[in-house]
Amino acid sequence: MKLYEFQGKELFARCGISVPKRRLVRSFEDLETLDAPLVLKSQVLSGGRGKAGGVVVCDDNASLVQEGKRLIGSSLKGERVLALLAEEKVDILQEYYLSFVIDGELKKPLIIASAAGGMEIEKVAEEEPEKILKLSFDPLAGPSDYHFRRIADFLSLRNELKDLRKVLRAMYALFNQYDASLIEINPLVKTSAGLIALDSKINLDDDAEFRQKEIFQEFQEQQNVIQQNNAKAKDEGTITYVPLDGNIGMISDGAGTGMLSLDLIRDFGGEAADFCEMGGLTSPDVMYQAMETVFNRATKELKSLLVILIGGFNRMDEMAEGIIRYKNDHGLSVPLFVRLCGTMETEGKKMMIDSGLPVFDDLEEAVEKAVMAAEGE
Ligand code: GDP
Ligand code: MN
């Protein structure tokens with residue numbers, strides 16, 4: 001589970017890492033109650049928000065309201081922004097990078113440190129690897145004072161060793177206590193008041209949920225509130241739809257399958273009305289939305305609908321669920337030709353047949369029938 005910045009900072013605060021004073025803002029009304037200067041930070045799970053315009057320093061109340069209204073509800077890196085973190089503005093002397101990660105290759109936990117903070121660490125690692133220090137430590141013993149001093153020297157933070165040690169110890173405590181796979185501070189900033197974590201990125205290991213129930217539940221509940229509308233936005237984002245000139249609607253669960261289906265339609269003498277693919281692993285909701293999209297956006301009257309599914313990751317019972325739900329809600333104005341195979345094929349087919357919908361095993365047969373139907377034969 002990835003945590004939002006505001007959630008990570010809550011954990012930082014609980015274990016003694018300094019973070020700016022902050023408030024979560026979710027509505028336009030909340031914005032009116034804030035006082036500049038403040039930094040408004042979009043709460044999304046992807047990184048690089050600063051570069052994408054999702055982090056804004058506001059020096060007066062007018063710009064605070066204006067920027068806040070622009071950010072709330074906007075889309076940032078494919079995620080809907082439904083909450084902002086309004087933070088006290090901090091005067092930065094220097095930015096650093098610190099993280100605790102599990103290194104899959106070394107099969108060991110690592111501390112990564114760099115004085116090139118605030119930037120994408122992957123880029124620094126590629127272009128200036130000498131600016132990054134990686135220290136592995138014994139997972140049972142945890143990092144020792146030797147590690148802390150090495151890091152302080154590398155970052156030229158010898159004078160701040162006490163402060164830095166406190167931050168690193170707290171990061172390790174979180175890493176260890178909550179089964180985290182990543183605890184990252186980028187940037188950790190030097191200020192006249194000491195070291196402050198300006199950002200937070202925390203990933204909890206999903207495989208450890210069974211023994212971390214409390215924290216997973218606490219954070220999941222908060223995420224549900226923020227993501228109310230996001231699930232739908234995300235699902236819709238996975239559908240690729242391109243209208244074409246023909247009269248045979250086409251839906252596939254992958255781009256390759258979709259291209260193959262278009263070729264076959266052509267081979268059998270038909271014309272596809274669209275290219276619509278659901279992008280690999282998908283859900284009943286997306287299947288339903290794909291049907292909605294194909295019916296609502298077709299430029300010519302549809303004569304048949306061809307659905308070609310190859311259940312690699314996809315579950316055919318779930319695809320059948322989406323198709324059947326669409327049929328029950330809207331009815332079907334044209335004959336439907338579904339070919340499904342793969343994961344949970346038997347269950348999916350049974351559901352289709354029980355709902356009075358034909359299914360095909362053979363790809364070419366399904367395409368041929370769809371073309372014949374479109375020709376009115
Ligand atoms: P990210 O781009 O998603 O990693 O978001 P960050 O939280 O790291 O913010 C991006 C950048 O905004 C930081 O590296 C800082 O340079 C800047 N920034 C964030 N908060 C403050 C602040 O309180 N004061 C100042 N001066 N800059 C800030
Ligand atoms: Mn950052």
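When a ligand or atom number is given, it counts from 1 through the structure's own listing order. Along the sequence shown, residues are numbered consecutively beginning with 1.
- Side-chain atoms of Asp59 never come within 3.5 Å of backbone atoms of Pro37 as a donor-acceptor pair (strictly under, hydrogens ignored).
- Note: Phe360 and Phe337 have tilted aromatic rings, judged against thresholds of 30 and 60 degrees for the angle between ring planes.
- Contact annotation: for Ile92 versus ligand 1, heavy atoms closer than 4.0 Å belong to the side chain alone.
- Of the protein's non-hydrogen atoms, the one nearest atom 10 (C) of ligand 1 is Gly50 CA, 4.2 Å.
- The heavy atom nearest to atom 7 (O) of ligand 1, considering only Lys41, Glu87, Lys9, is found in Lys41.
- Atom 26 (N) of ligand 1 has Val90 O, 3.4 Å as its closest protein atom, hydrogens excluded (heavy atom only).
- Taking atom 4 (O) of ligand 1 as the reference point, the nearest protein heavy-atom neighbour is Asp199 OD2, 3.0 Å.
- In the hydrophobic clustering of this structure, Ile112 does not group with Leu98; members are Ile, Leu, Val, Met, Phe, Trp, Tyr whose side-chain heavy atoms approach within less than 4.5 Å, directly or through other members.
- The residues Lys190 and Glu95 are annotated as not salt-bridged, no charged nitrogen and carboxylate oxygen being separated by less than 4.0 angstrom.
- Of the charged side-chain nitrogens involved, at least one lies within less than 4.0 Å of a carboxylate oxygen, so that Arg315 and Glu318 count as a salt-bridged pair.
- Here the angle centred on the Mn ion (ligand 2), running from O of Asn186 over to OD2 of Asp199, is 100°, rounded to 10°.
- Under the 4.0 Å criterion applied to side-chain N and carboxylate O atoms, Glu105 and Lys134 are not assigned as salt-bridge partners.
- Residue-ligand proximity: Pro20 is placed with every non-hydrogen atom at 4.0 Å or more from ligand 1.
- Near Asn186, with a cut-off below 4.0 Å to any heavy atom, the atoms of ligand 1 are 8 (O).
- The side-chain hydrogen bond (donor to acceptor under 3.5 Å, both in side chains) search around Arg49 returns Glu5, Asp199, not counting sequence neighbours.
- Remark: minimum distance from atom 16 (O) of ligand 1 to any protein heavy atom is reached at Glu95 OE2, 3.0 Å.
- Under 3.5 Å, the side chains of Glu184 and Tyr97 contain a donor-acceptor pair of N or O atoms.
- Between Lys350 and Asp354 there is a salt bridge, since at least one side-chain N of the basic residue sits less than 4.0 Å from a carboxylate O of the acidic one.
- Looking only at protein heavy atoms, the nearest one to atom 1 (P) of ligand 1 is Arg49 N, 3.6 Å.
- By heavy-atom distance, the residue among Leu198, Thr191, Val55 lying nearest atom 9 (O) of ligand 1 is Val55.
- Looking at Lys89 next to ligand 1, no N or O pair under 3.5 Å apart turns up.
- With sequence neighbours left out, the side-chain hydrogen bond (donor to acceptor under 3.5 Å, both in side chains) criterion links Gln66 to no other residue.
- In this structure, atom 21 (C) of ligand 1 is in close contact with the protein, since a protein heavy atom lies within 4.0 Å of it.
- Within the 4.0 Å heavy-atom shell around ligand 1 one finds Glu88.
- Only the side chain of Val39 comes within 4.0 Å of ligand 1, judged by heavy-atom distances.
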